[in-house]
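Atoms considered below: every heavy atom in the structure, side chains included; atoms not considered: hydrogens, waters and symmetry mates. Every chain is numbered from 1 and lettered A, B, ... according to where its sequence line falls, protein lines coming before strand lines.
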Number of protein chains: 2
Amino acid sequence: MAVTIHDVAKLAGVNSSTVSRVLNGKATITPDTKERVYAAMRELDYHPNSLARSLASGLSGAIGVVVDARDAEAFSNVFFSRSLFAIEKVAQARGYQVIIANGAQSRGGTIEGLMKEHKVDGLILPPTTVKPALMKTIGDFPYVVLGTPDTLRSDTCWVDNNNEQGAEMAVRHLQKMGYQQIAYLGGYQKRGFTKRRVRGYQNVSSGKETILSTDGTSENAYAEAVRELKKESHADAFVCNDNLAAFGLLKACRELRLRIPDDIGIVAFDNYPLAEYVDPPLTIVDIDTAMLGEQTAQLLFRRIENGGGSQQIMLSTSLVIRASSERRKK
Amino acid sequence: MAVTIHDVAKLAGVNSSTVSRVLNGKATITPDTKERVYAAMRELDYHPNSLARSLASGLSGAIGVVVDARDAEAFSNVFFSRSLFAIEKVAQARGYQVIIANGAQSRGGTIEGLMKEHKVDGLILPPTTVKPALMKTIGDFPYVVLGTPDTLRSDTCWVDNNNEQGAEMAVRHLQKMGYQQIAYLGGYQKRGFTKRRVRGYQNVSSGKETILSTDGTSENAYAEAVRELKKESHADAFVCNDNLAAFGLLKACRELRLRIPDDIGIVAFDNYPLAEYVDPPLTIVDIDTAMLGEQTAQLLFRRIENGGGSQQIMLSTSLVIRASSERRKK
DNA sequence: ATCAATCATGCAATCGGTTGCACGATCAAT
DNA sequence: ATTGATCGTGCAACCGATTGCATGATTGAT
């Protein structure tokens, strides 16, 4: 098989425990010995077997990122992949591996397996998985929720962007641009983040409240938008739950010959790469996904290392103003 | 610590090796004993330590998916995430973990580490990483390239979609719709898949060949498109290297008041979720990313298990015809 | 009834590291 | 010079599984 610590030890003329100590820098070793060991490692192209290492130390050296996706779309969710990128970056800097696992099909089994079979030292979970049953089996295993769990427990760590504030900001912006009747379009109402966005919308909306829920698809958003826009006194601006909803709305406006931003104003959540390339470019409530991922990973590592207290981090969103909400004249 | 195989053995009144055999179903065990062991496992909520298992068996039970991403965008590449979803699905069905790793910053080190430190049993690599130096260190370690490597070696396994055929199909379709002067827009020419798409374009293009390379951004595609469309006798149709290029082109057409599909025909590669929601909906060379991921993973597992011969899989693309190429009148 | 073949299970080595304890060597202080 | 503290390294147990070999029990054939 491959080169082991014993081969290195023999070549360097020391005991394997010494090699181990050199490897981990955990003890005082004579510079001379250290050099001989390094030389032997180099000569043999030694790579420590991480499995043996993990077994002995009781640490897998990996963290798990759980996704809750029934179909491929959720996986290719820009939000998810960008955060994942940041998570991987933080993990790599610490010499940790990132394991991704889809928790959708196996109610809790995936997560439990990762944990109890010692495959990971910590977990990043989606809010949808945080249910009492899981919390019981998870015990004091280190985990951080990426998003806000529906059932709040003070000892749960989570990192999220401030959806409520984001929606408030969107509505205020539209109001300032002179729109009178602002509606909320899109989003599956059972999802926590949608609820919070809607709440933000309700907090500051002044006119009639119109909330058009969808199943999350563009098609559905399109249909709802058409229905609304055909009414006698319809909304003159929309806060869209995501880019997909905004695209459905754009299509509806085109068909009904409503001009944006003159007749209809639009602000949408999430900054898709294409949002600024549609006609007109979309005003966006931008979520700092990189920061989200980074903070989540760092919080997790803090918990893994210190076991330390729980913490919740809420990141602010920012508004990227583009043509879709810039009414030229009142 | 946690429950071990010995605890189970003691409770069931057998030796730990018997428990192991029950666990793995590798030997004949009396139904009675088997039941006692299962009962003990259930009672103690036993979960085998995968680290110990891996060490003993020499198999990590994980595969690595390497990404070559400098920025978050490449990671959130729809192509990548959809394939990843399919890969994870296949892996989960076999009880394997999926480790993702960004190979961008550490020339080869990441891949070598995953391999030599026994963190994974096999690798899925992007074509960009397949260079002679890596091939030497990788030896006969199981790996499959997702995409076509630039430097072809007959013993390299890879899975890719047929980009050349896809481009040919796009051009032929535009020709049939009556477009005379078809250009190719977008794509960084050094990338293998872009080269192959351009080659397909060249194979069947009849009129003047116009190849407009970009740096991959929409902005750049927009600029190139504007430059082309301002010429005296400009192209009347474009095959776009991806959706981003198509979006740049759409913007250029809007500004120059060129109508699609009457004045300009468009076919683009990759079926982004938004492609059918722009105006007009885009005709697309569709890549079956799910199949791509699935085939890649399955090929990898075949190699891990049999060590078997090398194989190359080329998947066909299909054309999804929408309004952007359907010229109403000649 | 006898013997060989097969079955069920235990024993102990092994996978490749880590780490507490022990011990001789070195060093500083008196 | 003596003594106690500190340093550098080896020994061996241990992490929690797997697996080849051995053994006693059971089975079937003659």
Inset, instruction - Using distance alone, with no hydrogens and no angle criterion, decide if Tyr143(B) and Thr156(B) have a side-chain donor and acceptor under 3.5 Å apart. - result: yes

Inset, instruction - Identify the two heavy atoms, one from Pro149(A) and one from Pro127(A), that lie closest to each other, and give their separation to 0.1 Å. - result: CA-CB, 4.1 Å

Inset, instruction - Indicate, with a heavy-atom threshold strictly under 4.0 Å, whether Val14(A) touches base, sugar-phosphate, or nothing. - result: sugar-phosphate

Legend entry - Touch class at under 4.0 angstrom, heavy-atom based, for Thr18(B) against every strand present: sugar-phosphate

Inset, instruction - To the nearest Å, give me how far apart CZ (Arg53(A)) and P (dC15(D)) are. - result: 19 Å

Inset, instruction - For Leu55(B), report the nucleic acid contact type (base, sugar-phosphate, nothing); a contact means any heavy atom under 4.0 Å. - result: base

Inset, instruction - Check every atom of dA12(C), dC11(D), dG16(C) against the side chain of Ser17(B) and return the nucleotide holding the closest atom. - result: dA12(C)

Legend entry - Given DNA chain D, 5'-ward residue of the pair Val19(B) and Pro31(A), judged by closest heavy atom: Pro31(A)

Legend entry - Glu43(B)/Arg36(B) salt bridge by N-O under 4.0 Å criterion: no

Legend entry - Residue Asp140(A) excluded, over 12 heavy atoms near CG under 6.0 Å: no

Legend entry - 5′-ward residue of the pair Ala52(B)/Ile29(B) relative to DNA chain C: Ile29(B)

Inset, instruction - Please state how far atom CD in Glu35(B) lies from atom P in dA8(C), giving the value in whole angstrom units. - result: 16 Å

Legend entry - Closest nucleotide among dA17(D), dT18(D), dG16(C) to the Asn24(B) side chain: dT18(D)

Inset, instruction - Remember a base hit wins even if backbone is also touched, and classify Ser50(B) as base, sugar-phosphate or nothing at under 4.0 Å, heavy atoms. - result: nothing

Inset, instruction - Using a 4.0 Å heavy-atom cut-off across all strands, classify Thr30(B) as base, sugar-phosphate, or nothing. - result: sugar-phosphate

Inset, instruction - Side chain of Arg21(A) only, please: which of dG10(D), dG17(C), dT18(D) is the nearest? - result: dG10(D)

Inset, instruction - Round to the nearest Å and state the distance from Leu23(A) atom CG to dT19(C) atom P. - result: 11 Å

Legend entry - CZ/Arg191(A): more than 12 non-hydrogen atoms of other groups inside 6.0 Å: no

Inset, instruction - When you get a sec, tell me which of dT9(D), dA17(D), dT18(D) is the closest nucleotide to the side chain of Pro48(B)? - result: dA17(D)

Inset, instruction - Can you tell me the distance, in whole Å, between the NZ atom of Lys119(B) and the P atom of dC15(C)? - result: 21 Å

Legend entry - His118(B) NE2 - dG16(C) C1' separation (whole Å): 9 Å

Inset, instruction - Check whether any side-chain N or O of Ser20(A) sits under 4.0 Å from OP1 or OP2 of dT18(C), and answer yes or no. - result: yes

Inset, instruction - Please figure out whether Asn15(B) or Leu51(B) has its closest DNA chain D nucleotide nearer the 5' end. - result: Leu51(B)

